[in-house]
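Predicted, not measured: the structure shown is a model, and the values here were computed from it. These numbers come from the heavy atoms of this one structure, side chains and all, not from hydrogens, waters or symmetry mates. Labels below follow one simple rule: chain letters A, B, ... track the order of the sequence lines, proteins then strands, and each chain is numbered from 1.
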Protein chains: 4
Amino acid sequence: MTQQRRIGRPPAADDRDVRNALVDAAIELFGKSGYASTSIQDIATAAGVTKGALYHYFTSKDELLYTIYAPELQNHIALLLEALQMEAPAIDRLRKAASDIVEISATRIHRTAIFFESLSQLSEARQREIRRERRRYHELFASLIKDAREDGSIRAEPSPDIVIDFFFGAVHYLRTWYDIKGPISPTELGEIYADFLIRGLVDDR
Amino acid sequence: MTQQRRIGRPPAADDRDVRNALVDAAIELFGKSGYASTSIQDIATAAGVTKGALYHYFTSKDELLYTIYAPELQNHIALLLEALQMEAPAIDRLRKAASDIVEISATRIHRTAIFFESLSQLSEARQREIRRERRRYHELFASLIKDAREDGSIRAEPSPDIVIDFFFGAVHYLRTWYDIKGPISPTELGEIYADFLIRGLVDDR
Amino acid sequence: MTQQRRIGRPPAADDRDVRNALVDAAIELFGKSGYASTSIQDIATAAGVTKGALYHYFTSKDELLYTIYAPELQNHIALLLEALQMEAPAIDRLRKAASDIVEISATRIHRTAIFFESLSQLSEARQREIRRERRRYHELFASLIKDAREDGSIRAEPSPDIVIDFFFGAVHYLRTWYDIKGPISPTELGEIYADFLIRGLVDDR
Amino acid sequence: MTQQRRIGRPPAADDRDVRNALVDAAIELFGKSGYASTSIQDIATAAGVTKGALYHYFTSKDELLYTIYAPELQNHIALLLEALQMEAPAIDRLRKAASDIVEISATRIHRTAIFFESLSQLSEARQREIRRERRRYHELFASLIKDAREDGSIRAEPSPDIVIDFFFGAVHYLRTWYDIKGPISPTELGEIYADFLIRGLVDDR
DNA sequence: CATGAATGAGGTTTCATTCAT
DNA sequence: AATGAATGAAACCTCATTCAT
């Protein structure tokens, strides 16, 4: 009943930052296989520690996801605000915002996958919080489109919502095919995608 | 009031359509929650039968997924072949192919979600088979783009692969926002998206 | 990823009622070691099945506890109501109620232990329900004491609440020492305890 | 504003009383929630230190329990010996012993809970030791009853063992309802309980 | 003296699957 | 054709304990 246990912290182990190793492993695995299909054990193993160590740093699988998720959204918002505040014609600001989000999404491909796929896995409370921020992002982006529309540089159709859903679908999809080691750099891809977006929006003749 | 007793096979009701009920339930649940997050029990309950019944019709969860998955891909290919064989300028065939895939994806939104998300859940053998077919679809679509390019109706850049990945990202993403009961019909959406694609491809000036 | 499993229901097994076996095992183990110290595995093993079987019958450990707990309280209340409705002087009804609860508690010693010890382990909702019923029991018992007091057969002190807590402490404690195979039968013990109670209550001289 | 840096030992504050803080926290938590349901982490947190600190003072959870448990039993025995050695009629010594144990149990309610509930959680060796001491307590108490019986001041039935189990059940149960901030002081309660005991024992006529 | 990292065992629960009926 | 019982693996998580610092 009161049995002696001879376990505990092992004599040493290498020093590297275990927390970071866990986050990195989680990003890769959640990104590649999805949240639901990745087990805590998978992550711990990939990070070279035991499950117990993971729970030393994160109180739940959900919290680990949130730790990855939340700053990503903040990055996107910060990047968008930068573009918004540029001194340039509306259409150029829009182009910048579009190429930036593609560039960062291609660069951080696993995080991008997690970002688009795993929202529903968060706790209700955290989902609400994230949705609020996502809506804010969406509205900021929509305002860019409206600005460009008002100065006549792009056409009036379709609605900003559809444009955004169209474009962000393409961004989201990067995770399925884009390879950073391939011939196209994230920056180039950003330009190609932004170009595609703008061409789709400008009035022909 | 002598009550009829029915032993053995339960009351009947829908009778033979248990299989269909199971497939419908699976489509909805896989589509909404994802394959990994949907349990066999969820599906059986939604279809109003027991797990045992499900295993009477399908040998595994994987097979149920495949049953949903495979014909969808065949539909897509058939639709694409139709567009390819149209008697019309390349650019019109391309436009048709694009609007068709959007229309069908918006109409069958849960299947679309499954189609894009659940490939990796199939058995290795089935994945290989599906990937082969998907590649075929991709190449057929690419050939449409090349045709339009050759007759000079669209510009030479970017590569067909990128165009396809861009566009199909947008299609895939429909599952996250499109509501068939909303103001835009699948057909209208098909036109909007196809228009966007073509505008992105035609040479400016 | 989609790995074949070769497990499931075993070829036969003996027919006896597994659900009852599980409940019996749980009663014994919860009663002897307490709810917190008894694992689901312990119960399943004692019942000769696997954990999975247990979860086929009960959705949680909490529900298993409740399944044991709730009817016990109902038994106690029914027994008490019987005594209350007897045609006899108040003091005799009180004596009967007291000896009955001792008798049943001694007979069902593990359930008694669970009854007194495990309330706090139930879910909040179930605790509220049980507490309401327990309070009802307490008040019915108190009314017996008041009746006897009003006809002058017992003294006015101490308050019924204290008397009840005093006496039920003794009942509760049976689980720590009473052995049904020992020299004292539950019925005899009921008489001894009831006698003790009544003597403590009657006016001296 | 050169800020003092304190490396190593934290700021001090209570300083040496960490051990006491741990014991106090453990008493409260074991008493309220039970040994099995209280974690080492709970105790450390309640005491405002880390688990490591706890293990600095106690080699195991079991030892912490024993540290609380053992002196309590010694207190009880000491108190009982005092009553035994009083110069007074046997029945008065019995009454004193009874009211004393009630008073101390009501005063130290969490310890009382631990005392009666957690014996089985100790290691085998310690259980043996405690059981020996408990038996000694029991026999001393029984001798008091026998003394009173021999001088004819109480009746011959029931056996001292049953009387003790009856009475100590009531004492044990205090933990479930007694509130030291309520209207009854421990001393008053001691008198009420002792009175109840003696009344139950004296010969009627 | 005390912390914080880490462990391995074991806890509750879920789940795809099997099979007698 | 369909049920319901049962399985074993694996999921998430808790926890007492150890040890370098």
Side-chain angles (χ1 to χ4, degrees), chain A residues 2-13 15 17-19 36-42 44 49-62 64, chain B residues 8-10 12 15-16 18-19 36 38-44 49-62 64, chain C residues 2-13 15 17-19 36-42 44 49-62 64, chain D residues 8-10 12 15-16 18-19 36 38-44 49-62 64:
Chain A
T2 307
Q3 136 198 24
Q4 285 304 98
R5 307 245 208 121
R6 281 293 142 199
I7 53 184
R9 194 188 211 244
D15 208 37
D17 194 353
V18 171
R19 189 176 206 279
S37 299
T38 300
S39 75
I40 289 284
Q41 181 64 257
D42 293 340
V49 294
T50 60
K51 281 182 290 180
L54 191 152
Y55 281 95
H56 181 68
Y57 293 100
F58 305 95
T59 63
S60 65
K61 195 183 175 189
D62 174 86
L64 178 51
Chain B
R9 212 155 158 246
D15 216 53
R16 99 216 51 196
V18 170
R19 193 191 153 91
T38 299
S39 74
I40 288 283
Q41 181 62 259
D42 293 339
I43 298 166
V49 296
T50 60
K51 279 184 292 183
L54 192 151
Y55 277 93
H56 182 70
Y57 293 102
F58 305 95
T59 64
S60 67
K61 193 183 175 188
D62 174 85
L64 178 51
Chain C
T2 306
Q3 142 197 18
Q4 284 304 99
R5 305 245 210 124
R6 282 293 143 198
I7 53 183
R9 195 189 211 243
D15 209 37
D17 194 351
V18 171
R19 190 175 205 278
S37 300
T38 300
S39 75
I40 289 284
Q41 179 67 78
D42 293 339
V49 294
T50 59
K51 283 181 288 180
L54 191 151
Y55 279 93
H56 181 65
Y57 293 101
F58 304 96
T59 62
S60 66
K61 196 183 174 188
D62 174 85
L64 178 51
Chain D
R9 215 155 154 244
D15 216 51
R16 100 216 52 198
V18 170
R19 192 190 153 92
T38 300
S39 74
I40 287 282
Q41 181 63 258
D42 293 339
I43 298 166
V49 295
T50 59
K51 281 184 292 183
L54 191 151
Y55 278 94
H56 183 70
Y57 292 102
F58 304 96
T59 64
S60 67
K61 194 184 175 188
D62 174 85
L64 178 51

For [X] and [N], what is the distance between atoms [atom1] and [atom2] respectively, to the nearest whole Å?
X	N	atom1	atom2	result
Phe58(A)	dT14(F)	CZ	P	15 Å
Ile43(D)	dA16(F)	CD1	C1'	11 Å
Gln41(A)	dT14(F)	CD	P	16 Å
Ile40(B)	dG4(F)	CD1	C1'	16 Å
Leu54(A)	dC12(F)	CG	P	10 Å
Asp42(B)	dC15(E)	CG	P	7 Å
His56(C)	dT17(E)	NE2	C1'	14 Å

Answer with yes or no whether Lys61(D) presents, from its side chain, a donor or acceptor under 3.5 Å of a partner atom in the base of dT17(F).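 No, the side chain and the base share no sub-3.5 Å donor-acceptor pair.
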Please confirm whether any donor atom in the side chain of Lys51(A) sits under 3.5 Å from an acceptor in the base of dT7(E), or the reverse.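 Counting by modelled atom types and ignoring angles, no donor-acceptor contact under 3.5 Å is found here.
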From [X] [atom1] over to [Y] [atom2], what is the distance, rounded to the nearest 0.5 angstrom?
X	Y	atom1	atom2	value
Thr50(D)	His56(D)	OG1	NE2	11.0 Å
Lys51(D)	Ser39(D)	NZ	OG	8.0 Å
Leu54(A)	Ile40(A)	CG	CD1	4.5 Å

Any strand is fair game: report the nucleotide pairing with dT7(F) by Watson-Crick or G-U wobble, both distances under 3.5 Å, or none.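 Looking at the geometry, dT7(F) pairs with dA16(E).
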Under a 3.5 Å cut-off for both contacts, is dA1(F) paired Watson-Crick or G-U wobble with anything, and if yes, with which nucleotide?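 For dA1(F), the partner nucleotide comes out as none, under the 3.5 Å rule.
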Selection from dT3(E), dT17(E), dA16(F) that lies nearest to any side-chain heavy atom of Ser39(D):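 For Ser39(D), the side-chain atoms sit closest to dA16(F).
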Using a cut-off of strictly less than 4.0 Å, decide whether Tyr55(A) has a side-chain nitrogen or oxygen near OP1 or OP2 of dT14(F).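 No, because none of the side-chain N or O atoms of Tyr55(A) sits under 4.0 Å from OP1 or OP2 of dT14(F).
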Hey, does the side chain of Tyr57(C) come within less than 4.0 Å of dA6(F)'s phosphate (OP1/OP2), counting only N and O?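 Yes, Tyr57(C) has a side-chain N/O under 4.0 Å of OP1/OP2 on dA6(F).
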Assuming nearest nucleotide by heavy-atom distance, tell me which of Thr50(D) and Thr59(B) is located more 5' along DNA chain E.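 Nearest nucleotide further toward 5': that of Thr50(D).
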Starting from the 5' end of DNA chain E, give me the residue, Gly52(B) or Val49(A), whose nearest nucleotide shows up first.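 On the 5' side of the pair lies Val49(A).
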Tyr55(A) versus Lys61(A), closest heavy-atom pair with distance: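 Scanning both residues, the minimum pair turns out to be OH-N, 4.4 Å.
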